[in-house]
Amino acid sequence: MTDHDGLYHQLYEHPAMMADLMQQFVTEPWVQDLDLARMEPVKTKFQVPGLPKRTSDIIWRIPTKSGSDVYLLVLLELQSKSDRWMVLRVIVYMCLLWLQLLHEKRIPAQGPLPPLFPMVLHNGDTPWLTPVCLQALIDLPDGSPLWKYQPNGRFFLIDECRFLTEDLKRRNSMSALVFRVEQCHSPEDLPMLAEAVIAWLEHHPEFAELRQVLASMLLNAMNVLSSDNSLPTGNPIDLLKVPSMLQTRMETWRDVKQKEWRQEGGAAILLQILQRRFPDLPTWVATKVLASDLDRLRAWTDLAMDAHSLQDVFGNEASGGTT
């Protein structure tokens, strides 16, 4: 299966995608002052003398219309649960970025540090419930004189699962479509989402380089939802073919589910009949029934209607409870 985290990195390492995320989901007035058309990627490997080497997720240098720069530090938190200590990681990466810029002499020796905007993108199944501010984690009472010595690190959180589907549908945004794919819980909805992605790309050619990544993300989502990893997600894929591929897989998934439902229903009916006729039903019977296919269940049900013993239903298989 394609690396899900790797797909996210590929998406938001693209300037148009990062600009889309900032414009659509960062609810800060100063974003209007950013010159997102001139944003530049910054290397994410920190090699500061005297400190261990570390690698962050995604960093962009974004000029402002007023003439300064803002460094955007993005951490992708692609886990199911929120990380209580994420704010500590954010502060570490912020300090490392400043030190790296000083080491590379990208900041004047006597000049001020450039502002940073740390952002965490979380795509877990449950909402983020842990602090986004360091001071919320520090054990000090209100009014303590020690507060003035404590750092006040904070990050901006984009918590995908908090956005309702109807809200995402109203946004003219590729990130909103990606969030909808991430929130999708049924294979039946994915072909429609693939069509929506294709239609959106037709009007936004600056995202053309992401067609392969988006195709892989859609197929990967279907593999996960259908519990079948046979759709190709690693090789070059024509995005235009993805809706039909998803439709075919969805129909197969539906047929399998219907068969499973029929089989589960048949097993439940047979066990109910057997329980009524033989109150002291041994445990091996349920094990055998639940593991059997639909044809055998039908045959056993016919026999169970008039059976006087379990052997009348299961034949020699009932001797000693063997299978």
Side-chain angles (χ1 to χ4, degrees), residues 1-14 16-17 20 76 78 80 123-125 160-161 163-268 290-298:
M1 186 182 299
T2 298
D3 176 21
H4 175 266
D5 293 10
L7 292 174
Y8 250 78
H9 276 82
Q10 291 179 61
L11 283 177
Y12 289 106
E13 287 170 352
H14 192 280
M17 195 71 187
D20 176 82
L76 303 177
L78 308 179
S80 59
N123 78 333
D125 296 330
E160 291 183 21
C161 72
F163 294 97
L164 299 177
T165 300
E166 292 306 313
D167 175 19
L168 295 174
K169 286 181 178 180
R170 288 191 292 267
R171 296 174 186 253
N172 183 24
S173 164
M174 178 51 69
S175 288
L177 284 168
V178 169
F179 292 0
R180 288 172 62 189
V181 172
E182 290 292 289
Q183 292 181 8
C184 185
H185 297 295
S186 172
E188 295 176 296
D189 296 330
L190 280 174
M192 174 199 66
L193 281 171
E195 294 285 2
V197 168
I198 293 170
W200 196 91
L201 289 174
E202 290 177 356
H203 300 284
H204 299 83
E206 67 273 22
F207 288 78
E209 294 177 358
L210 294 174
R211 295 175 67 88
Q212 177 64 59
V213 179
L214 293 165
S216 294
M217 178 167 279
L218 286 160
L219 295 176
N220 193 59
M222 178 60 82
N223 281 342
V224 171
L225 292 175
S226 64
S227 301
D228 182 347
N229 296 333
S230 61
L231 282 176
T233 59
N235 299 322
I237 304 160
D238 184 353
L239 182 61
L240 295 177
K241 295 180 180 179
V242 168
S244 61
M245 295 171 69
L246 295 176
Q247 183 69 28
T248 299
R249 169 59 60 77
M250 183 272 293
E251 291 170 356
T252 302
W253 171 84
R254 183 185 291 163
D255 291 343
V256 169
K257 280 298 177 185
Q258 288 177 346
K259 183 177 180 180
E260 290 176 354
W261 294 332
R262 288 196 300 269
Q263 185 170 339
E264 290 172 1
L290 293 173
S292 298
D293 58 38
L294 194 57
D295 289 338
R296 295 192 78 184
L297 291 173
R298 287 169 176 162

Partners meeting salt bridge (Lys or Arg N to Asp or Glu O under 4.0 Å) with [X] (sequence neighbours left out):
X    : value
R171 : D167
D125 : none
K169 : E166

Set of residues satisfying side chain to side chain donor-acceptor pair (under 3.5 Å) with respect to [X], sequence neighbours excluded:
X    : result
E209 : H14
R298 : none
S226 : R249

Closest heavy-atom contact between [X] and [Y]?
X    : Y    : value
V181 : A221 : CG1-CB, 4.0 Å
C161 : G124 : CB-O, 3.6 Å
A267 : L290 : CB-CD2, 4.0 Å

Hey, what do you get for [atom1] ([X]) to [atom2] ([Y]), rounding to the nearest 0.5 Å?
X    : Y    : atom1 : atom2 : result
L177 : L214 : CG    : CG    : 9.0 Å
L11  : S175 : CG    : OG    : 8.0 Å
N220 : L225 : CG    : CG    : 9.5 Å
L7   : M217 : CG    : CE    : 5.0 Å
R211 : S216 : CZ    : OG    : 12.5 Å
L246 : N223 : CG    : CG    : 9.5 Å

For this session: Please list, chain by chain and in numerical order, all residues satisfying side chain to side chain contact (heavy atoms under 4.5 Å, CB included) with A215, sequence neighbours excluded.
Result: I237, L239, V242
Problem set entry | Set of residues satisfying side chain to side chain contact (heavy atoms under 4.5 Å, CB included) with respect to E160, sequence neighbours excluded | Y8, L121, N123, F179, E182
Exercise. Any side-chain hydrogen bond (donor to acceptor under 3.5 Å, both in side chains) pairs touching residues 197-206, not counting sequence neighbours?
Worked result: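 Listed by first then second residue: N172-W200.
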For this session: Write out all pairs satisfying ring-ring contact (aromatic ring centres under 6.0 Å, His included) with one or both partners inside residues 217-244, taking only residues at least two apart or from two chains.
Result: none
Under 3.5 Å, sequence neighbours excluded: what are the donor-acceptor pairs made by side chains of residues 185-192?
from	atom 1	to	atom 2	distance (Å)
H185	NE2	Q183	O	3.1
S186	OG	E188	N	3.2
E188	OE2	R254	NE	3.2
E188	OE2	R254	NH2	2.9

